[in-house]
Amino acid sequence: MTDNLLEQEAQRLYKSLGQITRPDGQKYSLAYCKKLAPLTSQINELKKQKNALILTHYYCAPEIIFGVSDEIGDSYGLSKKAAQASQDILIFCGVSFMAQTAKLVNPSKKVFLPPTYAGCSLAQSITPKEVEDLRKKYPLAQFICYINSTAEVKALCDICVTSANVFDIVAASPSKQIVFLPDIFMAQNIEAFLKAKGIDKEIIAAGGTCCVHDKYTLKDIEVIKQKYPQAKIICHPECRKEVCQASDFCGSTSAMLKYVNESSAAIFAVLSERGIIAVLEQQNPTKTFLPTGRTCAQMKLNKLEDILEILKDDTSVPEVKVDDIIAQQALKSINAMFKGAKK
Ligand code: 13P
Ligand code: SF4
């Protein structure tokens with residue numbers, strides 16, 4: 001690559017990344033973009049040669065999102081893009097359950113996760129055996145699993161949801177009794193949402209919490225409100241119920257983006273992962289985002305260097321695989337979601 005092309009690539013990166021605050025509090029300077037340019041330009045070139053698609057969750061590093069990704073989105077958006085993909089290779093920058101979902105919805109493709117494994121406190125919070133035991137305990141319940149679960153757990157559930165469609169799908173459930181797993185806080189938020197709408201369901205929660213969103217407390221909201229009374233506070237439904245109820249808006253990652261993009265407010269406190277704040281900063285250069293973001297360390301395991309390795313030689317890196325029988329069953333719950341979601 002000539003110096004001139006590298007300079008052009010650095011300028012392109014700087015145009016997209018210059019507004020964004022890095023985790024160390026610094027902005028993406030032109031000098032920093034010049035360091036990234038050799039990597040991103042090689043990746044973008046090889047991606048075309050190898051017929052690969054890079055799908056990236058909003059929580060990954062901005063240089064991946066804006067430097068090399070073809071599709072960026074939340075869990076729901078990316079699962080649909082993965083299902084529609086025609087490329088031979090899908091590189092999923094996210095965590096393991098997301099790459100596994102991409103393989104489930106488009107099994108003939110070679111799917112890679114750059115860090116090979118990246119956990120999620122929710123997906124790891126429940127075992128298939130625990131789901132089987134719950135099935136025995138609640139034989140009449142509909143089992144609804146959050147997409148943040150393993151393929152084995154999805155295979156034991158009736159329908160899968162993401163934060164983008166959970167409220168609609170649970171509200172439309174044919175069952176009065178629902179076992180919702182593995183996000184206990186989301187289950188409590190659904191219960192409160194349904195109650196407010198006058199919908200009568202018994203929600204039995206199982207599993208754990210998101211180790212990023214569960215850290216936000218009412219105290220954080222009090223502090224923000226005292227210092228920035230005009231700030232709009234927005235959060236993800238993986239947060240505690242009292243945090244969701246005290247916020248101005250609670251919604252999925254894509255819903256939060258839409259809320260901010262359409263809002264006339266000038267200051268926002270986003271109680272979610274830091275990556276979405278970077279995207280918001282990029283899309284809303286005149287709005288101020290308070291430094292409220294927390295980091296999902298597992299999402300940050302995705303690195304440009306590993307994406308490049310996959311593209312250089314995909315036989316040197318393990319593909320994402322799912323056992324055939326598990327895959328067939330898990331796909332049923334994902335397809336039920338695609339059928340039941342409003343969009
Ligand atoms: P969404 O991408 O569905 O908003 O979920 C957030 C999250 O925590 C993903 O792991
Ligand atoms: Fe899992 Fe939370 Fe990280 Fe999302 S942010 S991957 S739910 S630990």
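Bear in mind the structure is a predicted one, so any value in this text is a computation, not a measurement. Read the numbers this way: they start at 1 and go in the same order the structure lists the ligands and their atoms. The chain is numbered in sequence order, starting from 1.
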Any heavy atom of Tyr59 under 4.0 Å from ligand 1? The part involved is side chain
Quick look: Glu273 vs ligand 1, heavy-atom contacts under 4.0 Å, and the answer is neither
>> Can you confirm whether Lys232 is buried at NZ, in the sense that more than 12 heavy atoms of other residues, nucleotides or ligands lie under 6.0 Å from that atom?
In response: no
How close does the nearest protein non-hydrogen atom get to [atom], and which residue and atom is it?
{"atom": "atom 1 (P) of ligand 1", "value": "Ser163 OG, 3.4 Å"}
{"atom": "atom 10 (O) of ligand 1", "value": "Asn148 ND2, 3.3 Å"}
{"atom": "atom 2 (O) of ligand 1", "value": "His57 NE2, 2.7 Å"}
{"atom": "atom 7 (S) of ligand 2", "value": "Asn148 ND2, 3.1 Å"}
{"atom": "atom 1 (Fe) of ligand 2", "value": "Cys120 SG, 2.4 Å"}

**Q.** 2.8 Å cut-off met by an N, O or S atom of Cys210 to atom 2 (Fe) of ligand 2
**A.**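 Given the 2.8 Å cut-off, Cys210 counts as a ligand of atom 2 (Fe) of ligand 2.
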Exercise. Any side-chain donor paired with an acceptor under 3.5 Å for Glu222 and Gln226?
Worked result: no
List every atom of ligand 2 that sits less than 4.0 Å from any heavy atom of [X], numbering the atoms from 1 in the order shown and giving each element.
{"X": "Leu122", "answer": "7 (S)"}
{"X": "Val212", "answer": "5 (S)"}
{"X": "Ser121", "answer": "8 (S)"}

Identify whether the distance between the nearest side-chain nitrogen and carboxylate oxygen of [X] and [Y] falls below 4.0 Å.
{"X": "Asp214", "Y": "Arg240", "result": "no"}
{"X": "Asp133", "Y": "Lys137", "result": "no"}
{"X": "Lys50", "Y": "Asp88", "result": "no"}
{"X": "Lys35", "Y": "Glu63", "result": "no"}
{"X": "Glu319", "Y": "Lys321", "result": "yes"}
{"X": "Lys258", "Y": "Glu262", "result": "yes"}

Mind checking whether [X] has an N or O less than 3.5 Å away from an N or O of ligand 1?
{"X": "His236", "value": "yes"}
{"X": "Ser75", "value": "yes"}
{"X": "Thr253", "value": "yes"}

Here the gap from Leu17 atom CG to Arg12 atom CZ, rounded to the nearest 0.5 Å, amounts to 8.5 Å
Pull out every atom of ligand 1 sitting under 4.0 Å from any heavy atom of [X], numbered as shown with elements.
{"X": "Met98", "result": "9 (C), 10 (O)"}
{"X": "Asp74", "result": "1 (P), 2 (O), 4 (O)"}
{"X": "Tyr146", "result": "5 (O)"}

hydrophobic_cluster_shared for Val153 and Val322, side chain cutoff 4.5 Å
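They do not share one cluster, since no chain of ILVMFWY contacts under 4.5 Å joins Val322 to Val153.
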At under 4.0 Å between heavy atoms, what of Cys296 touches ligand 2? The answer is side chain
Query raised in the report: Using heavy atoms and a threshold below 4.0 Å, how should the contact between Glu238 and ligand 2 be classified: side chain, backbone, both, or neither?
Result: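 For Glu238, only side-chain atoms sit under 4.0 Å from ligand 2.
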Within 45° of the ring axis of Tyr216 and under 6.0 Å from its six-membered ring centre, is that where the NZ or CZ of Arg294 lies? yes
**Asked** Quick one: does NZ or CZ of Arg135 land under 6.0 Å from the six-membered ring centre of Phe143, within 45 degrees of the ring axis?
**Response**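 Yes; both conditions hold, so Arg135 lies above the ring face of Phe143.
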